[in-house]
Amino acid sequence: MSRILTGAMILTGLSTSLAAQAAPKGPVEGVWKVAGIVVTGADSMTVSSPQPGLFFFTKTHYSQTWVPGDRARAIFRRGDPSPAEKEAAFDSFFAQTGTYDLADSSITIHPMVARFPNMEGGGSARLTFRVRGDTLWLIQKSADIKFRMGTQIQNDTGRPSETRLTLIRVE
């Protein structure tokens, strides 16, 4: 009897595992590396050989860390960096993590932790996306960014711009 019970438990576990593996993934789920950056507006740039960057999308959560340019980040000259070195380090990368929602061809991110703290606690950004094969394109317009100022959530009122990222699937 214990062999039958053990066999049934193994089959149940195996079928549950196979069902989980066969579950369809959403269009953006996976790990993506940054392959290209185009920014329009006052601080426009086109980067065809960007510095490292990864985007992770699970079924409901995301994380992104990337260097928005084509030059490597400057390292500190000593173990105790100067205020100018700290500022340059802060300005030389982008990072945030949180949850996201998909609707048609748009993705809305809701940061839980972000390099820019005003995105936390109610900030969001809506991006359009397109996936073809192992390539994901994300387009973010500055007008579609909301962040926290004190207790208020407001639209980005800075100079209009658009950031277009090309990402290649890593896994």
Side-chain angles (χ1 to χ4, degrees), residues 19-75 87-149 152-171:
Q21 289 176 5
K25 286 187 169 188
V28 299
E29 283 184 62
V31 179
W32 307 82
K33 71 176 182 174
V34 178
I37 305 166
V38 175
V39 177
T40 66
D43 296 322
S44 65
M45 69 173 167
T46 298
V47 181
S48 56
S49 296
Q51 290 296 302
L54 288 176
F55 283 60
F56 295 78
F57 288 97
T58 68
K59 189 174 267 323
T60 57
H61 290 78
Y62 78 97
S63 183
Q64 57 177 295
T65 304
W66 54 289
V67 176
D70 58 1
R71 286 185 282 165
R73 298 176 72 207
I75 61 171
E87 181 179 344
F90 178 83
D91 288 344
S92 68
F93 86 107
F94 187 88
Q96 60 181 229
T97 188
T99 61
Y100 73 94
D101 304 308
L102 288 179
D104 299 321
S105 63
S106 71
I107 181 170
T108 302
I109 58 173
H110 308 279
M112 296 167 62
V113 178
R115 178 192 71 120
F116 183 60
N118 295 50
M119 288 296 291
E120 300 173 10
S124 66
R126 187 177 62 80
L127 304 90
T128 58
F129 75 91
R130 182 170 54 102
V131 178
R132 182 178 302 141
D134 286 339
T135 304
L136 167 63
W137 291 272
L138 295 174
I139 300 172
Q140 178 178 305
K141 296 180 181 182
S142 58
D144 294 332
I145 300 171
K146 297 182 186 304
F147 56 88
R148 186 170 44 90
M149 291 301 289
Q152 302 294 313
I153 303 297
Q154 67 181 41
N155 288 334
D156 185 354
T157 57
R159 297 177 292 198
S161 68
E162 181 176 283
T163 301
R164 297 181 213 129
L165 298 173
T166 302
L167 308 172
I168 303 297
R169 185 182 298 278
V170 176
E171 62 178 69

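Nothing here was measured: the structure is a model prediction, and the numbers come from that model.
- Side chains of Leu127 and Asp144 form no contact here, defined as non-hydrogen atoms less than 4.5 Å apart.
- Ser161 places no side-chain N or O within 3.5 Å of a backbone atom of Ser142 that could act as its donor or acceptor partner.
- Here the side chain of Thr65 pairs no donor or acceptor atom with the backbone of Ala95 at under 3.5 angstrom.
- Summarising the geometry of Ala35 relative to Pro50, their closest heavy-atom pair is O-CD, 3.4 Å, with the distance given to 0.1 Å.
- We find the NZ-OG1 distance between Lys25 and Thr58 to be 10.0 Å, quoted to the nearest 0.5 Å.
- The closest donor-acceptor contact from the side chain of Arg73 to the backbone of Ala89 lies under 3.5 Å.
- Proximity of Val38 to Thr163: side-chain heavy atoms (C-beta onward) are nowhere separated by under 4.5 Å.
- Between Gly53 and Trp66 the shortest heavy-atom distance is CA-CB, 3.5 Å.
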Review point. How far apart are the C-alpha atoms of Arg159 and Asp43, what are their side-chain angles, what is the distance that settles it, and do they pass the side chain to side chain contact (heavy atoms under 4.5 Å, CB included) test?
Key: CA-CA 9 Å; Arg159 297 177 292 198; Asp43 296 322; 3.0 Å; yes
In a table with atom names and distances, give each donor-acceptor pair under 3.5 Å that connects a side chain of residues 104-120 to protein atoms at least two apart or in another chain.
residue	atom	partner	partner atom	Å
Ser106	OG	Ala103	O	3.0
His110	NE2	Asp101	OD2	2.7
Arg115	NE	Phe93	O	3.1
Arg115	NH1	Phe90	O	2.6
Asn118	ND2	Arg148	O	2.8
Glu120	OE2	Ala114	N	2.9

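- The structure places CG of Leu54 at 11.0 Å from CD of Gln64, a figure rounded to the nearest 0.5 Å.
- Summarising the geometry of Trp32 relative to Thr135, their closest heavy-atom pair is CZ3-C, 3.9 Å, with the distance given to 0.1 Å.
- The structure places CG of Leu167 at 5.5 Å from CZ of Phe55, a figure rounded to the nearest 0.5 Å.
- If you take CZ on Arg126 and NZ on Lys141, they are separated by 8.0 Å, rounding to the nearest 0.5 Å.
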Review point. For Ile139 and Arg130, what are the C-alpha separation, side-chain angles and deciding distance, and is it a side chain to side chain contact (heavy atoms under 4.5 Å, CB included)?
Key: CA-CA 9 Å; Ile139 300 172; Arg130 182 170 54 102; over 6 Å; no
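- Residues His61 and Phe56 are not in side-chain contact: their nearest non-hydrogen atoms beyond the backbone lie 4.5 Å or more apart.
- Contact between Asp156 and Phe147 at its shortest, heavy atoms only, is CA-CE2, 3.4 Å.
- A side-chain donor-acceptor contact under 3.5 Å links Gln51 to the backbone of Asp70.
- Rounded to the nearest 0.5 Å, atoms CD1 (Ile145) and CG (Asn155) are 9.5 Å apart.
- Met45 places a side-chain heavy atom less than 4.5 Å from the side chain of Val47.
- A donor-acceptor pair is defined here as one N or O able to donate and one able to accept, closer than 3.5 Å; such a pair exists between the side chain of Glu29 and the backbone of Gly26.
- Shown here for Ala125 and Gln140, the closest heavy-atom pair between the two residues is CB-OE1, 4.0 Å.
- Expressed to the nearest 0.5 Å, how far CG of Leu138 lies from CG of Leu165 amounts to 6.0 Å.
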